[in-house]
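Residue numbers run from 1 in the order of the sequence given. Indexing begins at 1, ligand by ligand and atom by atom, following the structure's order. Note: hydrogens, waters and symmetry copies are ignored here, and every other heavy atom, side chains too, is used.
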Amino acid sequence: MGYLTAVILAGGAGTRLRPLTEKLPKPMLPVLNRPFLEYTLLALADAGVERAFLALGYQPDSIIEHFGIGENMGLHLEYYVEEEPLGTSGAVRSLLPELDETFLVLNGDVTTEIDYKTLVDRHTENREYGTLAVHEVEDPSAYGLVVTDGEGFVSQFIEKPQGPNFRSNLINSGVYVLEPEILRFVPEGFSMFETDLFPKVLMSGIQLNTHRWSGYFNDMGTVKNYLSLHRDLLNGHAPYTAYASPQKGINTHIDPSAILEGPIILGDETRIEANVKLVGPLSLGARCIIRENTVLETSVLWDDVDVGSGSIVRDSVIGSGMTLKADASILGETSVKNS
Ligand code: GDD
Ligand code: MG
């Protein structure tokens, strides 16, 4: 594929993941004990992307500190931090001086099995202003609906379509290949690809192409999807499995009377006490203490969580440093420390 630049949109406030995103921006949320954005960057580097811009806004510091110039990710990283949100296309527009060739844009929260080379080839065949990766889903209402003509060109783009009868089951996968010229249609200030730019470009008679692909898709922007991403990775059904950390960290301790079922990942120095039952898919961070007679099922615990004896945790996300009292019952909840 050669040299290619990617812009990763990672400035959103992660509202639908609150309270998990109160102290951590969405790209830094741990997924199997690694910040989510690491998976995206490693996959892009493997696909031959050599330079990526991170368009940031909400809580940028921890991201910049963690990733630096990309030395551990296999590509060169640069940052653009918005003082006020510029929206998805507004953020890319601000990078215009850096973009002089065909480039890739990614929503920073998606996990896909898109073959980037095929996507870029599809784009270069026709050299339209843009090519959108699209895929089929049962319910498009949480996404951007894409209606195409017989040749695969976009005829309509409807963000978060309402109503029971959809004209298409194809959605915007949140990955585009664009020519810098398309940014001429983006006004200064706040604007969105989904609700401003794409409709405007289509109105003006310019064609947008699509690349239809099939395979795994997850947008981890909701708690439900964040949990299902863990489930899919732990079951080996998601493409980033190859980048996931080892099943068992160093210096873990598991009492011989504990029962472990299904896929489970344990962070470094995590301790499982007597008669605990762990039912995967389950991800535990570093230095967690799971006290005796507790049951943990299909959940995600971040680092330094202390679960009191006799507790039950199921289908939940427990943030770093949380202490659960004995006999706690956390079922389908998202708990973070407020102090
Ligand atoms: N820099 C910057 N500035 N980034 C932003 C801004 C902003 O003002 N607003 C949103 N983003 C980033 C978010 O951080 C996220 O990574 C990405 O843009 C998409 O925003 P979401 O808030 O996650 O959008 P969505 O999930 O509701 O819908 C989008 O993704 C779907 C696929 O998952 C749309 O693009 C849909 O059309 C698409 O189907
Ligand atoms: Mg999203």
Side-chain angles (χ1 to χ4, degrees), residues 6-18 20-21 24-29 31 35-37 39-41 44 52-60 62-64 78-96 104-114 130 132-147 154 156-162 166 168-176 178 186-199 202 208 210-213 216-226 228-229:
V7 179
I8 302 172
L9 296 165
T15 320
R16 287 162 293 181
L17 281 164
R18 275 187 204 150
L20 297 173
T21 44
L24 274 184
K26 181 158 69 170
M28 291 302 288
L29 290 201
V31 169
F36 173 73
L37 188 58
Y39 298 89
T40 314
L41 294 174
L44 284 175
F53 288 96
L54 294 181
L56 306 179
Y58 179 73
Q59 297 191 1
S62 61
I63 301 176
I64 299 171
E78 290 178 46
Y79 301 90
Y80 184 86
V81 182
E82 293 151 42
E83 271 168 35
E84 293 292 324
L86 288 173
T88 49
S89 50
V92 177
R93 183 191 191 275
S94 61
L95 289 165
L96 189 56
L104 203 59
V105 176
L106 266 92
N107 284 350
D109 55 359
V110 293
T111 301
T112 76
E113 253 171 339
I114 294 171
L132 281 55
V134 296
H135 71 281
E136 212 171 304
V137 292
E138 262 174 39
D139 178 7
S141 59
Y143 302 102
L145 178 87
V146 180
V147 184
V154 181
Q156 227 186 336
F157 191 103
I158 311 161
E159 185 63 19
K160 311 277 160 30
Q162 299 297 310
F166 299 113
S168 156
N169 274 10
L170 281 184
I171 64 153
N172 166 23
S173 321
V175 178
Y176 324 119
L178 302 178
V186 183
E188 242 178 274
F190 184 92
S191 77
M192 299 291 287
F193 281 117
E194 296 85 344
T195 48
D196 304 315
L197 184 76
F198 293 149
L202 292 172
L208 291 172
T210 58
H211 165 61
R212 187 171 174 164
W213 63 281
Y216 187 83
F217 175 81
N218 178 289
D219 171 339
M220 53 77 98
T222 61
V223 176
K224 184 168 167 270
N225 292 353
Y226 175 75
S228 65
L229 178 61

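Although no hydrogens or angles enter the test, the distance criterion places no donor-acceptor pair under 3.5 Å between the side chain of Glu82 and the main chain of Tyr80. No donor-acceptor pair closer than 3.5 Å links the side chain of Thr21 to the backbone N or O of Lys26. The backbone N or O of Val31 lies less than 3.5 Å from a partner atom in the side chain of Tyr39, making a donor-acceptor pair. The main-chain N or O of Leu170 is found under 3.5 Å from a side-chain atom of Ser168 such that the two form a donor-acceptor pair.
If you look at Asp109 and ask which of its N, O or S atoms sits nearest the Mg ion (ligand 2), the answer is OD2. When you scan the N, O or S atoms of Asp219 for the one nearest the Mg ion (ligand 2), you land on OD2.
Within the 4.0 Å heavy-atom criterion, neither part of Pro27 lies near ligand 1. Looking at Phe217 against ligand 1, only its side chain comes within 4.0 Å, counting heavy atoms. For Val110, every heavy-atom contact with ligand 1 shorter than 4.0 Å involves the side chain, none the backbone. Residue-level proximity to ligand 1 for Ala55 is carried by backbone and side chain together, each with a heavy atom below 4.0 angstrom.
Looking at ligand 1, you'll find an N or O of Gly11 within less than 3.5 Å of one of its N or O atoms. An N or O contact shorter than 3.5 Å links Leu9 to ligand 1 by distance. Residue Ala91 has no N or O atom closer than 3.5 Å to an N or O atom of ligand 1. By the 3.5 Å distance cut-off applied to N or O atoms, Gly12 is counted among the residues near ligand 1. Between Ser173 and ligand 1, no pair of N/O atoms sits closer than 3.5 Å. The distance criterion of under 3.5 Å between nitrogen or oxygen atoms is met by Glu159 with respect to ligand 1. Distances between N or O atoms of Gly144 and those of ligand 1 include at least one value under 3.5 Å. Checked against a 3.5 angstrom limit, the closest N/O atoms of Gly108 and ligand 1 fall inside it. Some N or O of Glu194 is nearer than 3.5 Å to an N or O of ligand 1, by distance alone. Any N or O atom pair closer than 3.5 Å counts here, and Gly57 shares no such pair with ligand 1.
Using a 4.5 Å cut-off on side-chain heavy atoms (C-beta onward), Glu194 and Thr88 make contact.
The nearest heavy-atom contact from the protein to atom 32 (C) of ligand 1 is Asn172 O, 3.6 Å. Among protein heavy atoms, atom 21 (P) of ligand 1 sits closest to Arg16 NH2, 3.7 Å.
Ligand 1 lies within reach of Tyr176, whose nearest heavy atom is under 4.0 Å from it.
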